[in-house]
A.B. asks: 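After the structure tokens below, expect a handful of questions from me.
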Number of protein chains: 2
Amino acid sequence: MAKSDSLHHFQGIDVSQAGSASSIVFETLKQAIITGELKDGTPLKQEELAKKFSTSRIPIRESINRLEQEGLVKTIRYKGAVVASISLKEVEEMFDLRALMEREVMLKAVPNLTDDQIDEAEKYCHEFASAQTSGDWTDTNRKLHHALFQASDMTFHLSVLNTIYDRTERYLRAQLSFSNGADRAVEEHHTLIELCRARDAAGAAELMFQHVKHAKRSLLEFLPQDSE
Amino acid sequence: MAKSDSLHHFQGIDVSQAGSASSIVFETLKQAIITGELKDGTPLKQEELAKKFSTSRIPIRESINRLEQEGLVKTIRYKGAVVASISLKEVEEMFDLRALMEREVMLKAVPNLTDDQIDEAEKYCHEFASAQTSGDWTDTNRKLHHALFQASDMTFHLSVLNTIYDRTERYLRAQLSFSNGADRAVEEHHTLIELCRARDAAGAAELMFQHVKHAKRSLLEFLPQDSE
DNA sequence: TTATTGTAGATTGGATCCAATATTGATAGG
DNA sequence: CCTATCAATATTGGATCCAATCTACAATAA
């Protein structure tokens with residue numbers, strides 16, 4: 001009963017009102033993992049979740065399958081599923097890839113950016129600067145990046161970037177709960193907006209690259225723990 | 001009965017001997033889609049597949065879910081699943097990303113390559129040159145690239161690359177059935193091996209980049225059809 | 001005491017049944 | 001002849017039941 005109380009968040013969530021049960025469970029669990037509500041290693045027991053969501057185990061199983069395919073959980077046959085942890089090496093890789101990809105995306109996006117889009121990005125830029133909780137921080141950060149990326153029309157790149165964001169967000173949140181290492185990011189974001197307004201694609205792309213590399217470095221300083 | 005005969009390949013495949021039913025069905029379907037045995041738009045009917053695999057619909061549904069998460073099928077609620085097609089724009093994007101990533105991977109791999117690994121790659125290089133069917137071609141091509149990539153120890157990058165290979169292979173096969181545009185590739189592969197032996201990481205990386213860009217170009221020449 | 005074995009409980013994997021929805025074809029009206 | 005509506009069928013989504021496997025703990029023997 002009190003054995004595993006880490007899923008108390010889902011109290012009262014019911015499925016019988018919108019889309020398919022599977023997709024609701026999937027989105028809810030995914031969000032809980034991304035935000036860190038469900039910590040690394042938390043076992044996801046089908047029966048338990050079925051009760052929380054007031055459904056049978058079928059939609060739960062489908063959700064867990066999909067989550068595993070996205071790399072967010074890891075299951076062992078007849079043993080069960082747990083929230084997947086991520087190694088330091090993988091974090092590094094993901095940030096390196098982010099840097100590489102976001103540079104390319106910016107290169108294509110900047111020439112297509114409308115003034116409205118830049119205004120929107122700047123709005124998020126300010127929200128970002130005044131964000132208080134780590135949740136607000138990551139949310140506005142994602143919105144800001146996304147607003148700039150939209151103009152690139154590189155849907156596949158963006159989908160890959162999204163999975164990287166999904167899989168690293170909880171670690172970013174953890175970092176930001178401790179340090180307030182967002183100062184440099186705020187500065188870089190403002191400069192980024194300026195470069196976009198000037199339609200300096202190469203400059204914006206290069207700054208984005210460095211921006212992500214900086215984020216990687218400050219995150220790694222805060223993850224000296226295990227490596228799995 | 002003769003209505004949809006595009007799944008006749010699975011005759012006799014039975015599930016009751018190895019891993020979980022789900023994973024067997026998943027791998028089999030995935031391979032069939034990758035190779036092009038199941039063409040774009042082919043509907044995947046659960047009952048029909050359940051009979052072919054001698055199981056219930058449950059493992060079929062799980063497989064389809066996982067395939068959808070990998071982008072290989074597309075399902076509509078209460079309507080069914082079909083083999084996902086891919087737009088020209090996505091093909092372009094995937095090859096651009098491949099070029100970008102494989103350059104980075106080579107940059108890290110070359111200094112770590114052992115002589116044995118290079119020998120292995122060269123073996124595939126020769127197999128590739130003498131491959132007859134489009135299946136042999138893509139197989140050895142993948143093996144060759146993979147052999148070189150292993151030394152990079154960039155597991156996440158490789159997983160992304162694998163999904164790109166998975167989602168584009170059938171189009172490459174189709175191309176190679178028509179043209180024999182592999183001549184240039186053979187040449188580039190040999191040069192690539194030379195550069196690896198010389199431990200010229202920058203050179204190998206740059207050649208790999210161009211190699212993928214060339215592949216992209218010759219593929220696009222053969223896909224002037226629809227765009228969806 | 002310690003290692004081993006066996007049994008009971010818990011948990012996941014798969015099969016079958018029912019519910020919800022879409023598709024198709026027939027029929028009636030214009 | 002064409003169109004619209006409605007019933008019949010096909011197909012997917014979800015619930016419940018059974019099977020297979022793992023885990024924990026106790027009993028027994030060295």
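Throughout, a chain's letter reflects where its sequence line sits, starting with A, and its residues are numbered from 1.
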A.B. asks: Taking atom types as they are modelled, is there a donor-acceptor pair under 3.5 Å from the base of D/dG13 to the side chain of B/Arg57?
C.D. replies: yes

A.B. asks: If you check every side-chain atom of B/Lys45, which of C/dT12, D/dT11, D/dG14 has the closest atom?
C.D. replies: D/dT11

A.B. asks: According to a strict under-4.0 Å criterion, is A/Lys79 in side-chain N/O contact with OP1 or OP2 of D/dC22?
C.D. replies: no

A.B. asks: Counting only side-chain N and O atoms of B/Gln46, is one of them less than 4.0 Å from OP1 or OP2 of D/dG13?
C.D. replies: yes

A.B. asks: Report the distance from atom CD of A/Glu68 to atom P of C/dT12, rounded to the nearest whole Å.
C.D. replies: 13 Å

A.B. asks: Is the phosphate of C/dG14 approached by B/Ser22 (side-chain N or O, under 4.0 Å from OP1 or OP2)?
C.D. replies: yes

A.B. asks: Looking at B/Lys74 and B/Asp40, does any basic side-chain N land under 4.0 Å from a carboxylate oxygen?
C.D. replies: no

A.B. asks: To the nearest angstrom, how far is B/Arg77 atom CZ from C/dA19 atom P?
C.D. replies: 17 Å

A.B. asks: Considering residues at least two apart in sequence or located in another chain, which fulfil the side-chain hydrogen bond (donor to acceptor under 3.5 Å, both in side chains) criterion with A/Tyr165?
C.D. replies: A/Arg98, A/Glu102, A/His145

A.B. asks: Would you state whether a donor and an acceptor, one from the side chain of A/Arg61 and one from the base of D/dG14, lie under 3.5 Å apart?
C.D. replies: no

A.B. asks: What residues form a ring-ring contact (aromatic ring centres under 6.0 Å, His included) with B/His126, not counting sequence neighbours?
C.D. replies: B/His190

A.B. asks: Return the value, rounded to whole Å, for the distance between atom CD of B/Glu62 and atom P of C/dA15.
C.D. replies: 11 Å

A.B. asks: How many whole angstroms separate atom CG of B/Leu44 from atom P of D/dT12?
C.D. replies: 9 Å

A.B. asks: State whether the side chain of A/Gln69 and the backbone N or O of B/Glu70 hold a donor-acceptor pair below 3.5 Å, judged by distance alone.
C.D. replies: no

A.B. asks: Grab the OH-C1' distance between B/Tyr78 and C/dT21 for me, whole Å please.
C.D. replies: 6 Å

A.B. asks: Looking at A/Asp153 and A/Lys108, does any basic side-chain N land under 4.0 Å from a carboxylate oxygen?
C.D. replies: no

A.B. asks: Among the nucleotides D/dG13, C/dG14, C/dG13, which one has an atom lying closest to any side-chain atom of B/Ala21?
C.D. replies: C/dG14

A.B. asks: Nearest to the side chain of B/Glu47, heavy atoms from C-beta on, is which of C/dG13, C/dA15, D/dT12?
C.D. replies: D/dT12

A.B. asks: Where the side chain of A/Ile58 is concerned, which of D/dG13, D/dC17, D/dA15 is the nearest nucleotide?
C.D. replies: D/dA15

